[in-house]
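Below is one structure; the comments refer to it alone.
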Amino acid sequence: MTRAAPLSARRAPTRRAATGVAATVPAVQIPVDPRPDIAALEGYHSAQVDVDIRLNTNESPFAPPESFVDAWLDRVRASALHRYPDRAAAELREGIARQFGQPTERVFVANGSNEVLQSLLLAYAGFERTALVFEPTYALHSHITRITGTNLAVAPRGKNFEIGAAAASLAVARYQPNVTFVCNPNNPTGTVEPFDTVDAIASATTGLVVIDEAYGEFAAESMIDRVDEQRPFVVVRTFSKVWSLAGVRLGFCIAPEWAVTELEKVALPYRLSVASQLAGVEALAFQAEMRDRVGRLVEERERLYEALAAKPSIDVFPSGANFLLFRAAGSPDPGRGRALWQHLLDQSVLVRDFSHWPGVEGCLRVTVGTPEENDAFLAALATSEP
Ligand SMILES: *Cc1c(COP(=O)(O)O)cnc(C)c1O
């Protein structure tokens, strides 16, 4: 076995035992070195502040229906909790498959769609492989790319935050990615990408095309129907947003069966608890309630959009999701965006601050809340106007 240079030569402190036994023990270095690429990374940041109106994380403003909670807890109570959960999560996967008219073999489930994304990168990317993102987009796509040791390729979005078929093909030809991420609708911009962009990527790539539809239910169309065995499409969904279950941590993807086979190899066995699986199963029985909530939020989004668009002091961008990106009119000035964020916070309204993010300079993102929350947001915003 080869040994690296003595650690003590590089760094204090060294521990020495009084017994003298330590002489044969390697020098202790605290903290222990992580992977250098991890040491250089920043963790995930999103301000969590105690406020009256919280519109910063794109959760549903509605708690799940009480009858759902009762049905779920009854099932949990009746479960054999001393046993491991069903490793295949069969009932949940069958339920999801039925909802989308896809075979069960095309459904992969995990703890939140973030774990689905991680599994996709572990199986299809990693060391000496590349994932492509179109910025500005969901921060966790590049973050999970990095923590899986994958090379990150970044291509810019156009002036209306669209990717575009031609630009997408060029980027794919240039970077030869093993995984290409398309967030649709895109977070944090709300942009809905036309289908020809993903088709163009699919024709240009030899890798996987991962379409993150965390906000898919709020948009008019979904890519799920395009998933089949002959194409490299994977559509990722979550129970966190429209299903009002962010606290449960449940996500899934619809993917070709050959991809699900590989995903199951890298994901941990028994990863989904009995409680999580049953939450998903029972939630699927509440389609009508879910659709009703989506409808109400889309109405509120449109109302909020009109209200913001009517303000000469504000620029707002079109959105197919449950949030809106906006900024001081004509001003990509990060300082001004930050000041507006602080002004809202001073009135106990928390939105997400993107003012210093490359590509969305000066911008803030507001999650669509209940009508009352949205009114409070608009009222707080109005006091910032001259
Ligand atoms: C919120 C969000 C998710 C959700 O992640 P979960 O782990 O399922 O809570 C995934 N993708 C995007 C783009 C999101 O905005």
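Along the sequence shown, residues are numbered consecutively beginning with 1. Note that ligands are numbered from 1 as they come in the structure, with each ligand's atoms numbered from 1 the same way. All values reported here derive from a predicted model rather than from experimental measurement.
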Looking only at heavy atoms, the pair that brings Y138 and C183 closest together is CB-SG, 4.3 Å
Under 3.5 Å: N or O atoms of ligand 1 paired with protein N or O:
from, atom 1, to, atom 2, distance (Å)
ligand 1, 5 (O), S113, OG, 3.0
ligand 1, 7 (O), S113, N, 3.2
ligand 1, 7 (O), N114, N, 3.0
ligand 1, 7 (O), N114, ND2, 3.2
ligand 1, 7 (O), R249, NH2, 2.7
ligand 1, 8 (O), S113, N, 2.6
ligand 1, 8 (O), S113, OG, 2.8
ligand 1, 8 (O), T238, OG1, 2.6
ligand 1, 8 (O), S240, OG, 3.4
ligand 1, 9 (O), S240, OG, 2.6
ligand 1, 9 (O), R249, NH1, 2.7
ligand 1, 11 (N), D212, OD1, 3.3
ligand 1, 11 (N), D212, OD2, 2.8
ligand 1, 15 (O), N187, ND2, 2.8
ligand 1, 15 (O), Y215, OH, 2.5
ligand 1, 15 (O), K241, NZ, 3.3

Cation-pi, F323 ring and R365 (6.0 angstrom, 45 degrees): yes
Taking all non-hydrogen atoms of both residues into account, name the closest pair between R301 and L324 and its distance. O-CD1, 3.9 Å
Can the positive tip of R87 be found less than 6.0 Å from the middle of the six-membered ring of Y270, inside 45° of the ring normal? yes
I'd like to know if the side chain of D315 reaches the main chain of G330, judged simply by a donor and an acceptor atom lying under 3.5 Å from each other, with no hydrogens or angles considered. yes
Pairs touching residues 170-206 that satisfy ring pair (Phe, Tyr, Trp, His ring centres under 6.0 Å), sequence neighbours left out: H141-F181
